[in-house]
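Notes follow once the structure below has been shown.
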Amino acid sequence: MLDPGQQKNIEKTKEFVKKTLDQAEAGHDYWHILRVLKTAEKINEKENADGYIVQLGALLHDIADSKFHNGDENIGPKMAQDFLETLKIDKNDIAHIVKIIENISFKNTFSGQKFTSKELEIIQDADRLDAIGAIGIARAFVYGGHKNNLIYDPNFVPKENLTKEEYKKGETATINHFYEKLLKLKDLMNTETGKELAKERHQFMLDFLAQFYREWDI
Ligand code: ADP
Ligand code: NI
């Protein structure tokens with residue numbers, strides 16, 4: 001349970017995030033943040049991590065995603081730090097949350113993630129669960145549409161081993177993104193609850209792809 005001071009900080013953080021993401025692309029908007037928050041709290045029911053850090057980290061994890069800021073990976077952590085310093089929060093907690101934001105993204109799997117903690121593992125699972133299943137499919141096509149990418153290109157074989165730069169460019173047909181990232185997430189889950197929740201969502205994507213090809217190849 002959070003004390004009243006912590007509760008107040010959570011409310012202030014929600015307001016800040018909602019306002020900052022007001023114009024965000026639909027796959028990375030405030031609804032994404034609220035879904036990740038809820039899933040992270042659910043995962044933490046079995047993990048016993050620090051619930052305050054889990055909530056603040058989930059709320060701030062996409063405050064300035066590098067792909068909407070010319071690839072700059074420092075803006076998000078910096079914005080989170082500046083905001084957290086306006087609240088009454090322990091310095092060590094601020095440092096921990098900033099580290100979570102620096103390390104959560106899938107693109108760190110290319111260069112080797114440099115930090116981990118129970119709280120990061122939980123938020124990362126929640127974020128990755130939102131990238132798979134029915135919601136994940138919806139988000140992928142929203143992002144692909146935002147980038148004006150093709151839905152599918154039968155002449156373009158998906159590359160399962162992209163470089164970090166290729167991945168960050170994100171100029172792939174959206175169906176290829178399933179092979180480059182989404183279908184890998186099930187095996188990257190950190191927590192038992194994450195692994196459990198990923199199973200059904202993974203299978204749903206496989207079913208979706210099978211149906212997609214049946215319709216394409218009619
Ligand atoms: P993370 O949130 O771990 O940093 P990304 O930012 O790469 O991961 O992806 C977040 C969401 O954006 C994912 O759910 C994914 O659907 C979408 N996305 C990222 N790159 C692409 C792409 N090239 N095509 C379609 N969707 C993408
Ligand atoms: Ni996210």
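These numbers were taken from a predicted model, which means no experiment stands behind them. For ligands, and for the atoms within them, numbers begin at 1 and follow the listed sequence. Just so you know, residue 1 is the first one in the sequence shown, and it goes up from there.
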Considering only the protein, which heavy-atom contact is closest to atom 7 (O) of ligand 1, and what is its distance?
-> Tyr167 OH, 2.4 Å
Identity and separation of the nearest protein heavy atom to atom 5 (P) of ligand 1 = Lys181 NZ, 3.3 Å
State whether the shortest distance between N or O atoms of Ser105 and N or O atoms of ligand 1 falls below 3.5 angstrom.
-> yes
Which ligand 1 atoms does Thr172 reach within 4.0 Å, using its non-hydrogen atoms?
-> 23 (N)
In the protein, which heavy atom is nearest to atom 27 (C) of ligand 1, and how far is it?
-> Tyr143 CD2, 3.1 Å
Could you go step by step and tell me if Leu59 and Phe16 meet the side chain to side chain contact (heavy atoms under 4.5 Å, CB included) rule?
-> CA-CA 9 Å; Leu59 283 168; Phe16 169 70; over 6 Å; no
Starting from atom 3 (O) of ligand 1, find the nearest protein heavy-atom neighbour and note its residue, name and distance.
-> Phe106 N, 2.8 Å
Is any NZ, NE, NH1 or NH2 atom of the basic residue among Glu192 and Lys195 found under 4.0 Å from an Asp or Glu carboxylate oxygen of the other?
-> yes
Nearest to atom 2 (O) of ligand 1, what protein heavy atom do you find, and at what distance?
-> Asp127 OD2, 3.5 Å
Give me the ring orientation class for Phe212 and Trp216: parallel if the planes are under 30° apart, tilted from 30 to 60°, perpendicular past 60°.
-> parallel
Just checking, any donor-acceptor pair under 3.5 angstrom between side chains of Gln211 and Asp207?
-> no
Considering only non-hydrogen protein atoms, determine which one is nearest to atom 20 (N) of ligand 1 and report residue, atom name and distance to 0.1 Å.
-> His177 CE1, 3.3 Å
Residue pairs passing the salt bridge (Lys or Arg N to Asp or Glu O under 4.0 Å) test where at least one lies in residues 123-135, sequence neighbours excluded | Arg35-Asp130, Asp130-Arg139
Protein heavy atom at shortest distance from atom 12 (O) of ligand 1 = His28 CE1, 3.3 Å
Give the numbers and elements of all ligand 1 atoms closer than 4.0 Å to a heavy atom of Ala131.
-> 14 (O)
Can you check whether His32's main-chain N or O pairs, donor with acceptor, with Asp29's side chain at less than 3.5 Å?
-> yes
Tell me, with the steps shown, if Lys14 and Leu37 meet side chain to side chain contact (heavy atoms under 4.5 Å, CB included).
-> CA-CA 10 Å; Lys14 282 185 173 169; Leu37 175 65; 3.9 Å; yes
Nearest non-hydrogen protein atom to atom 25 (C) of ligand 1, with distance, is Ala140 O, 3.3 Å
Taking the side chain from Gln6 and the backbone from Asp3, do they hold a donor-acceptor pair closer than 3.5 Å?
-> yes
Side-chain (Thr86) to main-chain (Phe83) donor-acceptor, under 3.5 angstrom = yes
Are Phe156 and Leu183 co-members of a hydrophobic cluster defined by side-chain heavy atoms under 4.5 Å apart?
-> no
Less than 3.5 Å between some nitrogen or oxygen of Arg139 and one of ligand 1, yes or no?
-> yes
Can you tell me if Asn44 uses its side chain to pair, donor with acceptor, with the backbone of Ala49 under 3.5 Å?
-> yes
What's the count of protein N, O or S atoms under 2.8 Å from the Ni ion (ligand 2)?
-> 4
Side chain to side chain contact (heavy atoms under 4.5 Å, CB included) with Asp50: of Gln55, His96, Glu119, only one passes, and it is Glu119
